[in-house]
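In what follows, a structure is listed as structure tokens, so that the remarks can point back to it.
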Amino acid sequence: MSMSSAEPRTGTRSKNGCLTCRARHVKCDERHPDCLKCVKQKAGCEWPPPPELQTHQPGQDIPQAESRSLRRLAPAVNDTHDQLIQAQASTWTPDVDLSMSDLPIIPGFSFLTGLGCSDFMPWFPVPYPEPTLDMHISSDALLAPLPLGVSPSQAEREALAWYRSSATFGFGSAKNPNWSTHAIVWETARESKAILHLLLAATQNEMAWRAGSQGALFARADENYRLGHQQLEAEIRSREIDPLNAMSCFWFLYLHQKRRHAAGNRMLMSELSKMMEEYLTAFNLHQMLTSADAENPAWPESKKALLARLMVWLFWIDAQAATQGEGGRIARLLTSSASRQALVNLYKISRTTLESFWAERYPDDEVVDDMKNSSALDMIHDTWVLVQEVNNAADEQLPLDTKASDEILSKIQALQCEPGPLRVLRLTASNAALRDRVMLNADWAGVNFYTLRIYHFRCSLTEEHLAFSPPQPQTVKIADVVDSLLLLIQKSLATGREDQPDRMQWPLFWAGIETIDPFKRIWALGELKDEGLVQAMRCVLLLQEGGSRVGMAKIRDIFQASCLGVPVAGFGGMWGMRR
């Protein structure tokens with residue numbers, strides 16, 4: 001019987017299945033040209049050559065020269081995650097129709113026209129190009145009306161390919177980009193001029209930041225930021241914007257703005273935080289998503305879950321910004337007594353985002369991967385809730401009121417003793433050189449938790465306890481935390497992954513100003529890439545040369561000066577000092 005006429009087999013075990021199913025050790029129904037399992041998984045269905053072309057009998061081991069596709073599908077266990085993703089990309093076919101008729105065409109936004117070109121790069125994780133200075137979107141190509149069918153420039157292709165294949169923006173470490181939240185947001189971006197502008201702004205900014213560029217790419221990102229921001233404001237005023245589009249815009253606005261460190265720009269973080277708080281309050285969106293009120297919109301569960309995830313991510317990033325005097329309005333709103341339960345429910349809903357959206361298309365191995373990473377992600381969320389509790393208490397009084405400080409400390413200690421965090425922290429102690437997604441997320445949870453310990457400690461210190469010596473009981477304990485944090489940061493950075501330095505910026509600052517080891521201080525300062533944190537850390541270290549810690553009230557003043565780009569009274573002219 002020829003290969004083209006083979007009927008599906010049932011019952012007895014066969015070794016004539018497709019190479020794809022054989023590599024995955026699953027039963028193949030032997031349908032041609034594509035078996036049902038490969039169709040369902042959107043995987044390339046590859047077959048052995050016909051018998052007349054085989055140099056070995058069916059069922060025998062496949063010769064080395066013929067097993068290349070098999071090796072791509074099942075990389076060796078010591079392959080890096082990036083290699084695994086590239087292997088999957090070689091056989092993946094997009095489930096998104098990129099034909100011209102499928103794409104919405106927004107008048108005046110020619111870039112959407114270009115997206116429909118038949119030769120546009122399909123959505124799969126290709127080996128993305130390294131960021132370069134000339135990777136910028138031509139403003140003329142983006143904004144001026146172009147004839148229908150004009151292809152986007154290579155730079156436009158590179159920016160979107162980079163977003164689709166690798167842009168985590170410090171979130172969702174090493175998640176297969178085919179099944180990530182950013183892939184879902186891309187579907188939303190295809191239908192909104194504002195989101196597309198802001199997605200491009202955040203992506204171009206991230207590429208420029210990672211490449212160490214300060215030139216044309218940042219300028220193009222700022223232009224997209226301006227246009228997207230204007231469009232968003234207009235839509236919000238008219239009350240015509242869909243809440244999911246609004247939250248997607250807020251997410252990319254925040255991602256863009258966190259990279260801006262020029263004089264005056266960083267204070268926009270506070271304006272963005274205020275804008276988001278006003279939007280959530282005006283539409284009561286956080287309560288609407290988590291209540292069973294019959295008057296609430298009958299949104300699909302997938303939409304609710306994505307909205308919840310974006311709100312949770314914005315809460316995390318806003319809570320961190322609040323520690324540096326750059327926001328905190330949305331974080332304070334969601335941790336207020338009236339909204340605290342809503343935040344708990346938002347996080348629960350957000351955990352269903354991927355399965356709700358992809359439904360039966362979501363692969364079983366991705367479900368297993370999500371389960372493996374759930375403890376670390378839960379710990380990350382709980383840590384940011386406690387960080388914001390410290391922020392809220394610090395807004396009331398610095399140093400923290402003794403009662404408030406003790407209550408937060410008891411919550412920190414309780415979190416550390418829970419089964420999930422105990423397993424996560426145990427994983428962080430592993431010295432394995434190859435750190436998979438589970439370990440990377442455990443490391444992220446660990447560095448955030450240890451940084452929370454230091455941040456709470458610094459906010460609680462009274463004047464009589466600021467001296468580094470003689471050591472006191474609470475300072476001895478925090479010294480162990482600092483050493484653990486620095487070791488974990490070093491292991492995370494040693495992976496060489498592009499998203500790790502971004503995650504380590506906030507922890508590096510607090511570890512760097514608290515360690516008493518001068519070599520560790522120098523190392524921490526050298527690993528900082530955020531210029532605002534670099535300047536703030538230099539200033540704090542200079543003031544601590546006398547042997548005493550800088551109090552949190554003054555550190556807040558230093559952060560405010562970093563936002564404004566001007567010297568703080570009493571700090572002299574050292575503020576302009578650079579690395």
Side-chain angles (χ1 to χ4, degrees), residues 78-85 166-177 180 206 209-210 212 258-259 313 316-317 319-320 323 369 372-384 387 415-416 420-455 478-515 517 519-530 533-534 537:
N78 60 348
D79 283 353
T80 65
H81 182 83
D82 287 341
Q83 289 171 324
L84 190 148
I85 292 297
S166 63
T168 64
F169 301 102
F171 287 78
S173 174
K175 177 71 176 176
N176 185 329
S180 68
E206 188 74 9
W209 185 79
R210 293 192 185 189
K258 78 170 187 173
R259 291 289 182 234
W313 280 3
W316 291 0
I317 201 171
Q320 178 178 328
T323 68
D369 176 77
K372 289 179 179 178
N373 285 276
S374 61
S375 292
L377 296 176
D378 290 349
M379 184 178 181
I380 290 168
H381 177 71
D382 292 340
T383 296
W384 285 118
V387 167
L415 175 61
Q416 187 174 3
L422 279 174
R423 290 193 296 268
V424 170
L425 293 177
R426 179 179 176 180
L427 275 180
T428 65
S430 168
N431 290 319
L434 182 62
R435 306 188 79 76
D436 60 12
R437 172 168 147 80
V438 176
M439 283 192 170
L440 287 171
N441 278 330
D443 292 347
W444 188 22
V447 295
N448 284 341
F449 180 76
Y450 291 139
T451 307
L452 163 64
R453 291 281 306 273
I454 299 171
Y455 180 56
I478 210 65
D480 294 336
V481 173
V482 172
D483 288 342
S484 298
L485 174 57
L486 286 169
L487 179 61
L488 188 51
I489 292 173
Q490 190 277 330
K491 286 195 291 189
S492 299
L493 295 178
T495 64
R497 294 190 57 87
E498 284 192 336
D499 53 357
Q500 293 305 302
D502 186 32
R503 291 180 165 186
M504 301 302 129
Q505 298 302 292
W506 185 65
L508 278 166
F509 172 83
W510 292 102
I513 67 170
E514 184 57 34
T515 181
D517 187 325
F519 296 104
K520 292 178 181 176
R521 290 177 187 168
I522 294 171
W523 178 83
L525 185 61
E527 293 297 329
L528 276 178
K529 295 178 65 177
D530 185 308
L533 289 177
V534 169
M537 183 172 172

Inset, instruction - Show your working on side-chain contact (heavy atoms from CB on, under 4.5 Å) between Val424 and Phe449 and close with a plain yes or no. - result: CA-CA 11 Å; Val424 170; Phe449 180 76; over 6 Å; no
Inset, instruction - Walk me through it: do Met379 and Leu425 pass the test side-chain contact (heavy atoms from CB on, under 4.5 Å)? - result: CA-CA 10 Å; Met379 184 178 181; Leu425 293 177; 3.9 Å; yes
Legend entry - Full working for side-chain contact (heavy atoms from CB on, under 4.5 Å) between Leu488 and Lys491: CA-CA 5 Å; Leu488 188 51; Lys491 286 195 291 189; 4.1 Å; yes
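Among residues two or more places apart in sequence or in another chain, the side-chain hydrogen bond (donor to acceptor under 3.5 Å, both in side chains) test is passed with Asp378 by Tyr347, Arg351. With sequence neighbours excluded, the residues forming a salt bridge (Lys or Arg N to Asp or Glu O under 4.0 Å) with Asp369 are Lys175, Arg437, listed by chain and number. Residues passing the side chain to side chain contact (heavy atoms under 4.5 Å, CB included) test with Leu493 are Ile489, Gln500, Pro501, Met504, Trp523, Glu527, sequence neighbours excluded. Applying the side chain to side chain contact (heavy atoms under 4.5 Å, CB included) criterion to Arg426, with sequence neighbours excluded, gives no partner residue. Judged as a side chain to side chain contact (heavy atoms under 4.5 Å, CB included), and not counting sequence neighbours, the contacts of Ser430 are Ala432, Arg435, Met439. Evaluation of the salt bridge (Lys or Arg N to Asp or Glu O under 4.0 Å) rule for Asp483 yields Lys520 as partners, not counting sequence neighbours.
Closest of all the heavy-atom pairs between Val387 and Ala319 is CG1-O, 4.2 Å. Counting all heavy atoms, side chain and backbone alike, Gly512 lies closest to Ala524 at CA-CB, 3.9 Å. Between Thr383 and Asn448 the shortest heavy-atom distance is CG2-O, 3.5 Å. Annotation for Arg453 and Gln416: closest pair NH1-OE1, 3.6 Å, computed over non-hydrogen atoms. Annotation for Ala376 and Ala442: closest pair CB-N, 3.9 Å, computed over non-hydrogen atoms.
Residues Leu508 and Gln505 meet the side-chain proximity criterion, which asks for heavy atoms closer than 4.5 Å. Taking 4.5 Å as the limit, every side-chain heavy atom of Asp530 sits out of range of all side-chain heavy atoms of Phe509.
With hydrogens and angles left out, the side-chain atoms of Thr323 and Trp506 include a donor and acceptor closer than 3.5 Å.
Rounded to the nearest 0.5 Å, atoms CH2 (Trp313) and CH2 (Trp384) are 14.5 Å apart. With rounding to the nearest 0.5 angstrom, the CG atom of Asp502 is 13.0 Å from the CZ atom of Arg497. Considering CG of Leu533 and CD1 of Ile513, their distance stands at 10.5 Å, rounded to 0.5 Å. Atoms OG1 and CG, from Thr451 and Leu485 in turn, are 4.5 Å apart once rounded to the nearest 0.5 Å. How far CG of Leu434 is from OG1 of Thr495: 9.5 Å, rounded to the nearest 0.5 Å. Annotation: the span from Glu514 atom CD to Leu486 atom CG amounts to 10.5 Å, rounded to 0.5 Å.
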